[in-house]
Amino acid sequence: MVSESITPFFPTNFLMYDFVIEGTFDDLADFHAVYVETAQRDRFTPRPLRYFERMWKAMEAEDHARLRLFLAKKDGDVLAATTLVTVGG
């Protein structure tokens, strides 16, 4: 489930996304799929999905805006994802 916050994305490189959305807890699995693919490509050990679920819940308990999730989509597929953690403020 995604929030109603949908922002058009204007690419600055060759890869064009349809849009970037701010995700919710329910989108962590999509984020994790991209993260695992990145881990395999870059040869690092990925953390399990439950790690990110616990992190989300812990940070949300402090401040609902402490951890944010963004997903870039093209033709309905998630092509990129990232988290944004606010510290100190």
Table please: side-chain donor-acceptor pairs of residues 28-37 below 3.5 Å, with sequence neighbours left out.
unit_1, atom_1, unit_2, atom_2, d
His32, NE2, Arg47, O, 2.8
His32, NE2, Leu49, N, 3.2
Tyr35, OH, Arg47, N, 2.9

In residues 50-60, what donor-acceptor pairs under 3.5 Å come from side-chain atoms, sequence neighbours left out?
none

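Between the side chain of Asp42 and the backbone N or O of Phe44, no donor-acceptor pair lies under 3.5 Å.
The closest side-chain heavy-atom distance from Val20 to Leu71 is not below 4.5 Å.
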(Q) Go through it in stages, so that I can follow the logic: the residues are Leu79 and Lys73, the test is side-chain contact (heavy atoms from CB on, under 4.5 Å), and I'd like the CA-CA distance, side-chain angles, deciding distance and then a yes or no. (A) CA-CA 6 Å; Leu79 299 183; Lys73 294 187 172 189; over 6 Å; no
Q | Verdict with supporting geometry, Asp63 and Thr86, side-chain contact (heavy atoms from CB on, under 4.5 Å) | A | CA-CA 10 Å; Asp63 178 350; Thr86 302; over 6 Å; no
Q: Take Arg66 and Val87, measure what side-chain contact (heavy atoms from CB on, under 4.5 Å) needs, and give me the verdict at the end.
A: CA-CA 7 Å; Arg66 177 104 194 271; Val87 178; 4.2 Å; yes
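The CD1 atom of Ile21 sits 5.0 Å away from the CG atom of Asp27 when rounded to the nearest 0.5 Å. Between the CD atom of Glu22 and the CG atom of Leu84 there is a distance of 8.5 Å, given to the nearest 0.5 Å.
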